[in-house]
**Q** 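What follows is a single structure, and I will ask about it in a moment.
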Amino acid sequence: MNVSDFDFREAATSEFMNHGLGAKLTDNSQAIMRGLSEGTFPEADRWAISFACGSIIERVLWQASGIWMGYFNFVPPVTGSEKEFLGEYAGLLKELEMPAQFQQLSYQLGHLDSATDVSFYRETLPFIPLGRKMPEWFPAFQASLITYELLNEPAITSFFLFLRQGDVEQFKKQMPNPNAVFSHLQDRDFTAPFHADPERPEPVIAGFIRYTEFLSAMDGIFPDIATQSFAKSDQPVPNRIVDRDILFSVLGQYRWRFPRNSFERLHAVLFAFGELAASEFAKYPAMGIQWSFAETYGSILHLSQKFFAEFSEEDFQGEEDPRVIDERQRRRRAIDLRIQALRGDRAMGASASAS
Amino acid sequence: MAQRIQHTYLTLPQHGKCFTLLSNAAKADVKRAVIFIHGFNGSARSTWTDFLSLVDDPAASGDWWEAADLFFFHYQWDSIFRQLTNNALNIYKFIEDIFPKPEIIGRAHAYRSESFEYEELVLVGHSEGGLLLRKVIVEAAERDTAILDFMRDAKYKKQDQPTPEGMLKARLRLFAPALGGDMQSGLVGVLSSLPVVSHALSSSAAKKGMDQGSPSVTEARRRTDRYAEDIWFDCFRAHILWAEKDSIINSEKYTEDKQCHNFPSGSSHTSVCKPTLTYPLPLAFVEEGVDRYECQ
């Protein structure tokens, strides 16, 4: 079978910037920037600013990682108006405890002349040097781009907003109305969460429901795979597994939505969700639903930690299984070997071009 | 292992959240369209992971996928059994816009020339998506005059089978299709079909509350069975893969359907259609149906 002569890289870049995840991140930041200039978020302007900055920086990091592996063509990191916005609010990101990388990038994108030029990536974003384009990474990277669009649904933003600013005591006092939760699941306006009454739990629970869907979808792309059998047979962990590990480790640009020290808030929403689900199932005794909340709870915490949060040991109140530690070390070694090999490709490429 | 010809993601802005993965193979090598329809509370983006990347992984899927363009339809998820007809008609138009000529990717004609046509069509549905596809096929059959003539005359004289045209050329691959009854709609339906909840439900749950007498359900069955009795088109004989622990739907096939004899171990209603690095069966099932050896 032959390969088509169309330039998929140009198509992929154009899709990302004009219709896909990149466009959504741009649209969301612009909607917030417009709202801010019109003074429409009087109660939530600081958080709105953090979401606008976060969306722009996340897009730049997606662009950078796509360019790095050869999936995207070069595109300028930010526009002039985005540069100005990031420059104005770079200081606030520190105050709002955005991740350190985002604070630094906000400052650099807001102040460096190269921020609107493709040279910015080379000068500012250190990636593992690769000797070649990595087409074997493209499908999983592309699948990630498609799936991460879910994070830009309006409803899910309510949940992330609560993790940043929610009042747990107030939240626990409210009984969620199931019909209102159902209605919020259909929100279509991205800025709606910034206008919502922060004391009402329904948009938060609706967002949490969308959040669990995102977690499950991502778990499909980056599933837990035990590699113990490879260790036993003395076989190397296959590249198709290791490559996903490498991708997973470099695709952390979406994590800014989930603030540090938000375990208590996550816990409050998880339990409110559990109570709501139990009471809904109880309304339909004929369905005979038997549900293990503990299983759902464990699954959500596991996936939350895997894809978003770095919970502390106190959060989990338990020691890590030695087999898990063993697995992590084996994967780490496999990643190091693969990266070494890719660097070797680079060295070979350099010597070939020198000769 | 040799690098596989890959697919390129394109959105379909005229169709909301629907999207496509177009094969990077040369136009002459692309043979088929595979169209995915998600179920209740699903979405084009979340239901089918990780078909999105594993179709390009030679260790997970066959070369068959290199010659396939993939289309993922998205519809309003709160619809179950309320907007069934509307959604079925929207899907009908979506399929018509793809097969045999992919008009739907209009702006992307650099990939598929004006004269390009697919030879094959595979329709893939999960849960409510399975029922919707059955309704779509019935609709297509009712609009086909050759079939109408054949059915009318079949009572009185022996005649040659009609030739399938348009979407009636389709093969159907259904994952845990909601053919046997209505599940609950509303918030309780959303909750029970969430992947993180679905796998934690007991196997007896939900089924008791189904309304098996809903006209939407019974009519699709009655009409498909009627067509399947007289006409030997693949589209009236779906291949079905049920989940091992399904708390959401009744596992009742139509008369002429073929079902996989083995349940994927540990699969739930929501996970049965989601291939992963360690569960590639859904890819093989779409390609080969129940002829796949795991199903025998």
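Please read all numbers here as calculations on a predicted model, not as lab measurements. To find a chain, count down the sequence lines: A is the first, B the second, and so on, and within it residues start at 1.
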**Q** Between the side chain of A:E15 and the main-chain N/O of B:T11, is any donor-acceptor distance below 3.5 Å?
**A** yes
**Q** Is there a side-chain contact between A:Q290 and B:L201, using heavy atoms and a 4.5 Å cut-off?
**A**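 Not touching, per the 4.5 Å side-chain cut-off.
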**Q** Go through A:F222, A:F273, A:F16, A:F141 and name the one with the most non-hydrogen pairs under 4.5 angstrom from chain B.
**A** A:F273
**Q** How about CD on A:E10, more than 12 heavy atoms from neighbouring residues, nucleotides or ligands closer than 6.0 Å, or not?
**A** no
**Q** Pairs of donor and acceptor atoms involving the side chains of residues 177-185 of chain A, under 3.5 Å and at least two apart or interchain, shall be tabulated with distances.
**A**
from	atom 1	to	atom 2	distance (Å)
A:N177	OD1	A:N179	N	2.8
A:N177	OD1	A:A180	N	3.4
A:H184	ND1	A:D187	OD2	3.3

**Q** What part of B:I5 gets closer than 4.5 Å to chain A, counting heavy atoms only: side chain, backbone, both or neither?
**A** side chain
**Q** Who pairs with A:F293 by side chain to side chain contact (heavy atoms under 4.5 Å, CB included), at least two apart in sequence or on another chain?
**A** A:L270, A:F271, A:W291, A:Y297
**Q** Less than 4.5 Å to any heavy atom of chain A: does that hold for the side chain of B:A60, its backbone, both, or neither?
**A**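 Its backbone and side chain both get close to chain A.
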**Q** Which atom names give the shortest non-hydrogen contact between B:S46 and A:L150, and what distance separates them?
**A**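 That would be CB-CD1, 3.9 Å.
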**Q** Drop me the distance from A:E280's CD to B:L191's CG, to the nearest 0.5 angstrom.
**A** 6.5 Å
**Q** Any side-chain heavy atom of B:H7 sitting closer than 4.5 Å to one from A:P139?
**A**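 No, too far: nothing below the 4.5 Å cut-off.
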**Q** Output, in order, the C-alpha distance, side-chain angles, deciding distance and verdict of side chain to side chain contact (heavy atoms under 4.5 Å, CB included) for B:H199 and A:S299.
**A** CA-CA 10 Å; B:H199 80 270; A:S299 167; 3.7 Å; yes
**Q** Are B:V197 and A:F281 close enough that some pair of their side-chain heavy atoms sits under 4.5 Å apart?
**A**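 Sidechains of A:F281 and B:V197: in contact.
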**Q** Report the option among A:N18, A:T212, A:I241 that has the most heavy-atom pairs separated by less than 4.5 Å from atoms of chain B.
**A**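 Winner by heavy-atom pair count: A:T212.
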**Q** Quick one, A:E213 and B:N41 - any side-chain contact, counting heavy atoms below 4.5 Å?
**A**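 Sidechains of B:N41 and A:E213: in contact.
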**Q** Passes side chain to side chain contact (heavy atoms under 4.5 Å, CB included), B:T276 versus A:I225? Steps please.
**A** CA-CA 10 Å; B:T276 65; A:I225 301 174; over 6 Å; no
**Q** Measure B:F19 against the heavy atoms of chain A and call it side chain, backbone, both or neither at under 4.5 Å.
**A** side chain
**Q** Who wins among B:L54, B:D50, B:L52 for the most heavy-atom pairs under 4.5 Å with chain A?
**A**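 When all of B:L54, B:D50, B:L52 are compared, B:D50 has the most.
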**Q** Counting heavy-atom pairs under 4.5 Å with chain B, which one of A:K283, A:M218, A:E136, A:Q142 comes out on top?
**A**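 So the answer, after comparing A:K283, A:M218, A:E136, A:Q142, is A:Q142.
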**Q** Taking non-hydrogen atoms and a cut-off under 4.5 angstrom, which of residues 152-160 of chain A neighbour chain B?
**A**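 Expected list: A:E153.
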**Q** Report the distance from atom OG of B:S43 to atom CZ of A:F214, rounding to the nearest 0.5 Å.
**A**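 Separation between the atoms: 12.0 Å.
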**Q** A:F8 versus B:L22: any side-chain heavy-atom pair under 4.5 Å?
**A** no
**Q** State the CZ-CG distance between A:F208 and B:L194, to the nearest 0.5 angstrom.
**A** 9.0 Å
**Q** May I ask you to decide if A:P135's main-chain N or O and B:Q6's side chain share a donor-acceptor pair within less than 3.5 Å?
**A**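 Side chain of B:Q6 to backbone of A:P135, a donor-acceptor pair under 3.5 Å: yes, one is there.
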**Q** When you look at B:D57 and A:R244, which way does the salt bridge (Lys or Arg N to Asp or Glu O under 4.0 Å) test go after all the steps?
**A** CA-CA 12 Å; B:D57 181 346; A:R244 291 211 180 207; 5.0 Å; no
**Q** At what distance, to the nearest 0.5 angstrom, does CH2 of B:W48 lie from OG1 of A:T147?
**A** 14.0 Å
**Q** Who are the salt bridge (Lys or Arg N to Asp or Glu O under 4.0 Å) partners of B:R45, not counting sequence neighbours?
**A** A:E149
**Q** Considering non-hydrogen atoms only, spot the tightest contact between A:A11 and B:T8 and give its length.
**A** CB-CG2, 4.2 Å
**Q** Distance check, rounded to the nearest 0.5 Å: B:K274 atom NZ versus A:D219 atom CG?
**A** 11.0 Å
**Q** Under the 3.5 angstrom rule, does the side chain of A:T296 hit a backbone N or O of B:V196 as a donor-acceptor pair?
**A** yes
**Q** For A:K133, does the NZ atom have more than 12 heavy-atom neighbours from other residues, nucleotides or ligands under 6.0 Å away?
**A**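 At most 12 heavy atoms, drawn from other residues, nucleotides or ligands, come within 6.0 Å of this atom.
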**Q** Of the backbone (N, CA, C, O) and the side chain (C-beta and beyond), which part of B:A67 lies under 4.5 Å from a heavy atom of chain A, both, or neither?
**A**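 Backbone plus side chain of B:A67, per the 4.5 Å heavy-atom cut-off to chain A.
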**Q** About how many Å separate CG of B:D56 and CZ of A:F138, when rounded to the nearest 0.5 Å?
**A**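 Nearest 0.5 Å value for the CZ-CG distance: 11.5 Å.
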